[in-house]
Number of protein chains: 2
Amino acid sequence: MNFKRPTPTLHDVALKAGVSTATVSRCVNFPDRVNTRTREKVMNAINDLDYSPNFGAKAMAARRTNTIGAIIPTMENAIFARGLQAFQEALRLHGYTMLVASTSYRPEIEEEQIRALVGRGADALLLIGHDRDPEIYKFLERQGVPALVVWAYDPTETRPSVGFNNRAAMTEMAAEVLRLGHRNIALISANTEQNDRARARLVGIQDAMADAGQDPADLQVIETAYGIENGAIAFEQIMTAGRRPTAVFCGNDVLAVGALRSARELGIAVPDDVSIIGFDDIELAQVADPPLTTVHVPHRAMGQRAALALIGLLQNGEPLHAIEVFAKPVFRGTLAAAKTAQ
Amino acid sequence: MNFKRPTPTLHDVALKAGVSTATVSRCVNFPDRVNTRTREKVMNAINDLDYSPNFGAKAMAARRTNTIGAIIPTMENAIFARGLQAFQEALRLHGYTMLVASTSYRPEIEEEQIRALVGRGADALLLIGHDRDPEIYKFLERQGVPALVVWAYDPTETRPSVGFNNRAAMTEMAAEVLRLGHRNIALISANTEQNDRARARLVGIQDAMADAGQDPADLQVIETAYGIENGAIAFEQIMTAGRRPTAVFCGNDVLAVGALRSARELGIAVPDDVSIIGFDDIELAQVADPPLTTVHVPHRAMGQRAALALIGLLQNGEPLHAIEVFAKPVFRGTLAAAKTAQ
DNA sequence: TGATAAAATGTAAAGGCTTGCATTTTGTAA
DNA sequence: TTACAAAATGCAAGCCTTTACATTTTATCA
C-alpha cells in the first residue's frame, strides 16, 4: 500500500513551469529577483505539485540549515521550559527552527549532545551557563559553530552570554535577609562543582555576609540534586542537625518548595521559626503556602533576547556580545525578621 | 581570524586510511560489515581528522534524517515538558534527535509547524490529540511521514495513538464526586471546540452524571485559556454568579490552582464550602494548599512509549497501533463530601 | 533606431554521502 | 592444490539544491 510517489523536485517544477531550476530556486529564495509573470507561473507549478524543497539538498548546497540547537539540563525544570518556549517563538518568526537536547545535568551527555547537534548541521548553539571543558569550546570554534551562553552573565567571562548576574542578585537578596537580623544561615544548593550558576549564588550569599561583617565560612551548605523531594530531605537534615539556622536559602524554587513541605511535616513554622528563600520565581513560588520569597528571573526575556542575538549574528553578521538582564528579589510570605532572642 | 579550514569529508578519511569512501561509509554505518583490521585503520583516520559526517549530504543520500518532530501546544505546560523530556531521552538512546515546535494552542500555527518539520526532513511526527483538519493528515500521507498521536486514547479513533482515555478517566473521578453527594457541579475547561482532550473530559463528567440519574445539561461549563490567572478569574465568575456549585472540576491542574487561589481570596473554604478537582497531577498539585485532588496522568510513560513505537516503525517497520495507558484519580485535600443541607 | 546598461534567465559545477552492482580477497572443503 | 562460496571492498551513479558565471531579454536614453 505504500505507493509513496517520489516527492516532486525542483526539476519537476522547472519542467512544469517551463523554466530552469535556477529560476525556480530563485523564485523560492529571492522572489524579487525574478520577473512577476515568471514567478506566477512557477508558483502555480509549485502549488500544483505540492512541492517543498528537500532539506538535505538545501542544507548541503547552501551550507546552512536555518536550525539552531539548544542544549539544556532538562525540560522538566520550568525555568528552562519557559525560556526555551520564548526562544523558539522568536526563532520561528525569523524562519529558524529549534533543535532541543537535554543533558540531565550531566557534562558527558552535554558534550555528546553538542557534537550531535553540530553534526546535524545546527547553525548555532544555545548553551546554559559558562562551565564546560575548554575542549568543547575549541571544538565549536573549529567547526565554525557560534555558541551563546544563557542563564548567566558574568562580567569576568569573555564569552558572549545573555543572562543575569547570579552572584549580585543573590547578594541583594541575602543583604535583605541579613538586615532582618538573620545570622545563622544555611543554603541548600545544586552541585556547585559543575554548575557556575549554583556557585555564583553561593558566593553571592557569602559576599553579603562579608559585607555585614560576618564570616562567610559560617554559611552552612548542603548540596543535592534537583527535585522537590531532594529539597525536603536536605531541609530535614539541616534542621535536625545541631545548629538550626533561622534562614534557609535554596538554590532554586523547586528545592525551596521541598523545604517548605518538609518544614510543615516537621512542625516548623515558616516564617516564624525559619525563613525560606528560593530562586527563579516560577509558578510554584506563588502557589506555595506561604508564598515563596524568591529572586525573580526574567526567563522569557532571556530566551527571546538570546534568539534575537543569534539571528542577528547569523543573518547580518552582528557579533555576539554580553547582554545583561536583571533578576530581582521578590518578598513574599516565607521571609520574616529573625527572632531577637534565640 | 576565521581560518575555518574546510571540514574533513568521507573522501579525506578514505584517502588517509587508504580505502574507498564506500568502505568508510560502511565503517560508520554498518561496522560489522567490514573487516576488523580495516575498521581499525578507518576509525583511526576518523579520529585523527576529527571527522563527522555532513548532515545534509547524509540526509540526501539516505533519504532519511533520523530526526523525529514533536509538535506540542506549549512547553510551558509541565505535562508536555515532562512527556517530551521522556520522549527525547528514549529517542536519544536509539540515535534519533528530536525537533520541537510549539503552537500556542493555535491550529493554524500547528499546520505551519507540521509543514515546517516535514520540510526539514522529519522522519516521523508526534502530535498532541486527534483533532485537526483532515487535509493535514492527507498531506502527511502524501509526504509519507508517519504521525503518532499522543495524550489521547480514543477507542473510536482509527488513527494510532499512545494515550489514555480522557473521557473514562474523568468519568471515574466524577463518579466519586457524585458519590460524595455533589449535585451542583461546574467545570472550568479549556476551549472544547478545538481540543478533543478537553471535550472528552467534559463528556466524561456528563457520563457520570447520567449514570447517577442527573441531567448532564446541569453541568455548568465555563471555557477559558490555559493559565493560573485564567483559572482564578473563571472561578470567581462561577462563584459570584447565581447558583454556587459545591464542586468545581478543572480541565487541568493549572486552572485548578488558579481556582484555589481565587477561593482563598474570596474567603471560600476548600474543601468545606467547595471541592476543587484538577487533572494531570503535576508537581503543582501536591504543593497546592490543600493538596489537589486530581487525575494522575503518566506523562513520562506516554512520552517513552511513543518514542519506542515510532522507533519500532522507523527501524523495523513495525506498524503503529493504539496503545492505552491509564490515568487514575488521586484523592487529596481539595475534595470532601457535599454538605447535606445547603 | 541603435547603443548600452540593467534585468532576467539559463548552464552547469559543486556539495558529501549511500548503495547496487562488480570485482577482488579470503576461507573452506575436497 | 584447486574450485567454489562467502566475505570484503571498490566503482560510480545518483540524491536535490544553490550559485558563479554566461547568455539572453528588456528597458533606457540619446
Side-chain angles (χ1 to χ4, degrees), chain A residues 4-43 45-46 49-67 95 118-121 123 143-144, chain B residues 4-43 45-46 49-67 95 118-121 123 143-144 314-315:
Chain A
K4 187 172 165 180
R5 115 190 62 128
T7 333
T9 70
L10 252 204
H11 184 247
D12 300 328
V13 176
L15 230 54
K16 174 145 196 164
V19 298
S20 72
T21 59
T23 300
V24 178
S25 174
R26 278 186 287 255
C27 264
V28 173
N29 298 303
F30 314 95
D32 41 318
R33 235 173 271 177
V34 356
N35 185 293
T36 314
R37 284 166 36 78
T38 314
R39 189 168 58 222
E40 254 168 38
K41 272 192 308 186
V42 172
M43 287 307 180
I46 286 179
L49 295 174
D50 211 357
Y51 165 81
S52 79
N54 176 298
F55 180 67
K58 188 164 180 154
M60 188 161 67
R63 286 105 167 290
R64 126 181 68 74
T65 58
N66 286 339
T67 295
V118 169
R120 256 157 208 295
D123 293 337
Q143 302 280 328
Chain B
K4 188 172 163 181
R5 115 190 61 129
T7 336
T9 70
L10 250 206
H11 184 247
D12 300 328
V13 176
L15 230 54
K16 174 145 197 163
V19 300
S20 72
T21 59
T23 300
V24 178
S25 173
R26 278 186 286 256
C27 263
V28 173
N29 298 302
F30 315 95
D32 42 318
R33 234 172 273 176
V34 356
N35 185 293
T36 314
R37 282 165 39 76
T38 314
R39 189 167 58 221
E40 253 167 39
K41 274 192 308 186
V42 171
M43 287 307 179
I46 287 179
L49 295 174
D50 210 358
Y51 165 79
S52 78
N54 176 296
F55 179 67
K58 188 166 180 151
M60 188 161 68
R63 288 104 162 290
R64 124 181 71 72
T65 59
N66 286 338
T67 295
V118 169
R120 274 199 147 43
D123 294 337
Q143 301 280 328
L314 258 22
Q315 292 193 334

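As the structure is a prediction and not an experimental result, all values here were calculated from the model. Letters A, B, ... mirror the listed sequences (proteins, then strands); counts begin at 1.
For the pair A:Lys58 and D:dC16, the criterion of a side-chain N or O lying under 4.0 Å from OP1 or OP2 is not met. Here B:Asn54 does not reach the OP1 or OP2 of C:dG15: none of its side-chain N or O atoms lies under 4.0 Å away.
Applying the side chain to side chain donor-acceptor pair (under 3.5 Å) criterion to A:Thr21, with sequence neighbours excluded, gives no partner residue. Residues meeting the side chain to side chain donor-acceptor pair (under 3.5 Å) test with A:Asp123, sequence neighbours left out: A:Thr65. Under the side chain to side chain contact (heavy atoms under 4.5 Å, CB included) criterion, B:Val118 pairs with B:Ile114, B:Leu125, B:Phe139, B:Leu140, B:Gln143, B:Val145, not counting sequence neighbours.
Note on B:Phe55: nothing from the nucleic acid sits closer than 4.0 angstrom, heavy atoms only. Counting non-hydrogen atoms under 4.0 angstrom, A:Ser25 reaches a base of the nucleic acid.
Each of C:dG15, D:dT17, C:dT18 was ranked by its minimum atom distance to the side chain of A:Tyr51; first place goes to D:dT17. For B:Ala22, the listed nucleotide lying nearest its side chain is D:dC11; candidates were C:dG16, D:dC11, D:dT17.
Rounded to whole angstrom, the span from the CZ atom of B:Phe30 across to the C1' atom of D:dA7 amounts to 16 Å. As a whole-Å value, the separation of A:Arg63 CZ from C:dA14 P is 12 Å. To the nearest angstrom, C1' of C:dT19 lies 14 Å from CE of B:Met60. Between the CG atom of A:Asn29 and the P atom of D:dA20 there is a distance of 13 Å, rounded to whole Å. One can place CG of B:Asn66 at 15 Å from P of C:dC17, the figure rounded to the nearest angstrom. A:Leu10 places its CG atom 15 Å from the P atom of C:dT11, with the value rounded to the nearest Å. In this structure, B:His11 atom NE2 and D:dG10 atom C1' are separated by 13 Å, rounded to whole Å.
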Expected rows: protein N/O vs nucleotides 5-9 of chain C N/O, under 3.5 Å:
residue: C:dT9; atom: OP1; partner: A:Thr38; partner atom: OG1; Å: 2.1
residue: C:dT9; atom: OP2; partner: A:Asn35; partner atom: N; Å: 3.0

Distance-only donor-acceptor hits, side chain of residues 30-42 of chain B, under 3.5 Å, sequence neighbours excluded:
residue: B:Asn35; atom: OD1; partner: B:Arg37; partner atom: N; Å: 2.8
residue: B:Arg39; atom: NH1; partner: B:Pro31; partner atom: O; Å: 2.5

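For the salt bridge (Lys or Arg N to Asp or Glu O under 4.0 Å) condition, the pairs that include at least one residue of residues 49-60 of chain A, sequence neighbours left out, are A:Asp50-B:Arg142.
DNA chain D is contacted by both B:Thr21 and B:Ala61; B:Thr21 maps to the nucleotide lying nearer its 5′ end (nearest heavy atom per residue).
The line from CG of B:Leu49 to OG1 of B:Thr9 is 9.0 Å long, rounded to the nearest 0.5 Å.
Taking 4.5 Å as the limit, some side-chain heavy atom of A:Thr67 sits within range of a side-chain heavy atom of A:Phe55.
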